[in-house]
Amino acid sequence: MTDALTSAQMRNIEQTAIDGGKVTGLELMDRAGKAVVKAIFETWPDLLNAPRRAGILAGPGNNGGDGFVIANRLRDYGWDVEVFHYGDIDKMPPDAKVNALAFANAGGVVSPIIPFEGRDMRFADPPTDVWIDAFFGIGLTRPLPEEVRAAFLSISYERNWQSNKLVAVDILSGIDADTGERLTEFPLKPDMTVTFHAPKIGHLEGEGADWCGQLIVKNIGL
Ligand SMILES: NC(=O)C1=CN([C@@H]2O[C@H](COP(=O)(O)OP(=O)(O)OC[C@H]3O[C@@H](n4cnc5c(N)ncnc54)[C@H](OP(=O)(O)O)[C@@H]3O)[C@@H](O)[C@H]2O)[C@H](O)CC1
Ligand SMILES: [K+]
C-alpha cells in the first residue's frame, strides 16, 4: 500500500492537478463517486441482481458532493435512493452543488436528517440495503454535530436488525484524517471505506485503523 497522506498533502496533489489543467474538481468528484459505486458492486456483486434501496448521508462540503454523485449513479441503476442532507444545497461548494442540483432536479428525494430523531429504525420498511456515509471527509475539523451523531445512532439500531451495509466515503465521518482520532464516538463501524489515490494517515493510525472496515483505495487519475 502506498505511503499514507495527510489531508493537506492530498489537497495539494488535487490542487496541483487542477491548476495544471490536467483535470477539474468536478471531474475528480465524479470519478470519486463512481469509484465508490464500483467498489460496492465489486465487493457485493449480488447487489447488482436487483434494484435496491440506498440511504445517502450527505454533508455540507465536497464529501457530501461525492455522496450526491453516488446518489445519481445508483439511481441510474434503478435503485430507490434517498439523500439525508446535513447542509444546504445552495451553500455547498460549487462542484458539490452541481451534483446535488442534478440529483434534486431529476426528482431525487432530499430529506433533512431530522427524520432520524428518535425514529426506531429496527423495523424500517422498506429496509435500506446500503447506507453511504458522505457527511464529512478530510475536511472534518471538530466533533460531529449532535444531529449527525443521532442519525448515526438511529442507523446503528437498524443495522443490528437488518443486514444492510455501511460504506464510508473517503473516511468514516468523525475520524480525523490526519491522526485517526475519533472526534465523536458512535457504535457504527463501516463495512467498507473507499478512499481516493492513497490511504490517509487517519486510516492507519490511532482508532482510525479500527474504524475503516475493509479499506479500498481507488485511483481517480491523479
Ligand atoms: N476536488 C476536490 O476537492 C475533491 C474532493 N473530494 C471529496 O471532498 C472531501 C473534502 O471536501 P471538503 O469540502 O474539503 O471537506 P468535507 O466535505 O469533509 O467537510 C467540509 C465541510 O464540513 C464542515 N465541517 C467540518 N467539520 C464539521 C463539523 N464537525 N461539524 C459541522 N460542520 C463541519 C466544514 O465547515 P467549516 O465550518 O469547518 O468550514 C465544511 O463546510 C474529500 O474527503 C472527498 O470526499 C473528492 O473525493 C475528490 C475531489
Ligand atoms: K465520510
Side-chain angles (χ1 to χ4, degrees), residues 5-20 22-39 55-70 73 83-100 113 131-152 155 166-178 181-186 188-203 208 211-213 215-222:
L5 300 176
T6 63
S7 49
Q9 287 170 324
M10 185 64 209
R11 288 186 197 284
N12 183 37
I13 291 167
E14 281 170 1
Q15 202 53 53
T16 304
I18 293 167
D19 294 347
K22 183 179 169 193
V23 68
T24 67
L26 194 60
E27 285 165 345
L28 283 176
M29 184 169 288
D30 194 60
R31 293 177 193 173
K34 287 176 177 170
V36 174
V37 173
K38 189 164 185 284
I56 315 285
L57 304 167
N62 284 321
N63 195 246
D66 290 355
F68 277 103
V69 172
I70 295 163
R73 191 76 171 150
V83 173
F84 297 92
H85 193 201
Y86 175 78
D88 176 346
I89 289 179
D90 287 336
K91 296 186 183 132
M92 294 183 90
D95 297 343
K97 186 172 176 180
V98 165
N99 289 292
I113 62 173
W131 286 102
I132 301 287
D133 161 31
F135 273 137
F136 302 104
I138 60 173
L140 184 83
T141 55
R142 52 198 185 279
L144 294 176
E146 181 44 33
E147 56 266 52
V148 169
R149 198 188 67 82
F152 272 136
I155 289 164
L166 173 66
V167 177
V169 177
D170 211 3
I171 193 163
L172 178 67
S173 298
I175 303 278
D176 182 319
D178 292 337
E181 185 190 354
R182 275 207 306 157
L183 299 179
T184 300
E185 305 217 351
F186 50 87
L188 204 57
K189 282 195 180 184
D191 296 278
M192 175 163 70
T193 295
V194 184
T195 190
F196 315 111
H197 183 66
K200 308 307 174 296
I201 306 279
H203 293 129
W211 288 79
C212 275
L215 179 62
I216 307 274
V217 181
K218 282 289 190 187
N219 182 332
I220 55 173
L222 285 171

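Numbering of ligands and ligand atoms starts at 1, following listing order. Values reported hereafter were calculated over all heavy atoms of this structure, with side chains retained and with hydrogens, waters and symmetry mates removed. We count residues from 1, following the sequence as given.
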Right, does atom 34 (C) of ligand 1 have protein non-hydrogen atoms nearer than 4.0 Å?
-> no
Indicate, as side chain, backbone, both or neither, the part of I138 found under 4.0 angstrom from ligand 1 when only non-hydrogen atoms are considered.
-> both
Can you check whether a protein heavy atom sits less than 4.0 angstrom from atom 43 (O) of ligand 1?
-> yes
Calculate, to the nearest 0.5 Å, the distance between atoms CG and CE belonging to N62 and M29 respectively.
-> 3.5 Å
Side chain to side chain, V36 and F196, heavy atoms closer than 4.5 Å | yes
Please could you name the atoms of ligand 1 that L140 approaches to less than 4.0 Å, counting only its heavy atoms?
-> 18 (O), 25 (C), 26 (N), 29 (N)
For A32, take its heavy atoms, then give the atoms of ligand 1 lying under 4.0 Å from any of them.
-> 47 (O)
Three-point angle S173:OG, the K ion (ligand 2), V169:O, rounded to the nearest 10° = 170°
The answer for which part of D170 has a heavy atom under 4.0 Å from ligand 1 is side chain
Can you find a pair of side-chain heavy atoms, one from V217 and one from H203, that are under 4.5 Å apart?
-> no
Among all protein non-hydrogen atoms, which one is nearest to atom 41 (O) of ligand 1, and what is the separation to 0.1 Å?
-> P60 CG, 4.0 Å
closest protein heavy atom to atom 48 (C) of ligand 1 is E14 OE2, 3.6 Å
Those atoms of ligand 1 less than 4.0 Å from some heavy atom in F196 = 47 (O)
Ligand 1 versus P143, non-hydrogen atoms closer than 4.0 Å: side chain, backbone, both, neither?
-> backbone
K34 side chain vs A32 backbone, donor-acceptor pair below 3.5 Å = no
Short check: any N/O/S atom of I171 below 3.4 Å from the K ion (ligand 2)?
-> yes
Could you list which atoms of ligand 1 come closer than 4.0 Å to a heavy atom of D66?
-> 6 (N), 7 (C), 44 (C), 45 (O), 46 (C), 47 (O)
Will you find, in the side chains of T6 and D178, an N or O donor that is under 3.5 Å from an N or O acceptor?
-> no
Which pair of non-hydrogen atoms, one from I138 and one from S7, has the smallest distance, and what is that distance?
-> CB-CB, 3.7 Å
Determine the minimum heavy-atom distance between M92 and G65, stating which atoms define it.
-> CE-N, 4.0 Å
Is the closest N or O pair between G139 and ligand 1 shorter than 3.5 Å?
-> yes
Can a non-hydrogen atom of R11 be found less than 4.0 Å from any atom of ligand 1?
-> yes
When rounded to the nearest 0.5 Å, the distance separating CG of D170 from NE2 of H197 is 12.0 Å
Output the list of atoms in ligand 1 that are nearer than 4.0 Å to some heavy atom of L28, sorted by atom number.
-> 49 (C)
Heavy-atom contact under 4.0 Å between G59 and ligand 1?
-> no
Sidechain N-carboxylate O distance under 4.0 Å for E14, R11 | no
Does any N, O or S atom of G59, backbone or side chain, fall under 3.4 Å from the K ion (ligand 2)?
-> no
Would you check if the K ion (ligand 2) lies under 3.4 Å from any N, O or S atom of D170?
-> no
Is the side chain of N63 donor-acceptor paired with the backbone N or O of F136 at a distance under 3.5 Å, no angle test?
-> yes
Under 3.5 Å donor-acceptor, N99 side chain and D66 backbone = no
Contact check: F136 to the K ion (ligand 2), N/O/S below 3.4 Å = yes
Name the closest protein heavy atom to atom 1 (N) of ligand 1, giving the residue it belongs to and the distance to 0.1 Å.
-> G25 CA, 3.8 Å
From T24 OG1 over to I18 CD1, what is the distance, rounded to the nearest 0.5 angstrom?
-> 7.0 Å
Counting from 1 in the order shown, the ligand 1 atoms closer than 4.0 Å to a non-hydrogen atom of G137 are 16 (P), 18 (O), 43 (O)
Please state whether the rings of F152 and F135 are parallel, tilted or perpendicular, taking 30° and 60° as the class boundaries.
-> perpendicular
Got an N/O contact under 3.5 Å between Y86 and ligand 1?
-> no
Using distance alone, decide if ligand 1 has a nitrogen or oxygen within less than 3.5 Å of any nitrogen or oxygen in F136.
-> no
Under 4.0 angstrom from atom 31 (C) of ligand 1, is there any protein heavy atom?
-> yes
Whether D176 side chain and E181 backbone form a donor-acceptor pair below 3.5 Å | no
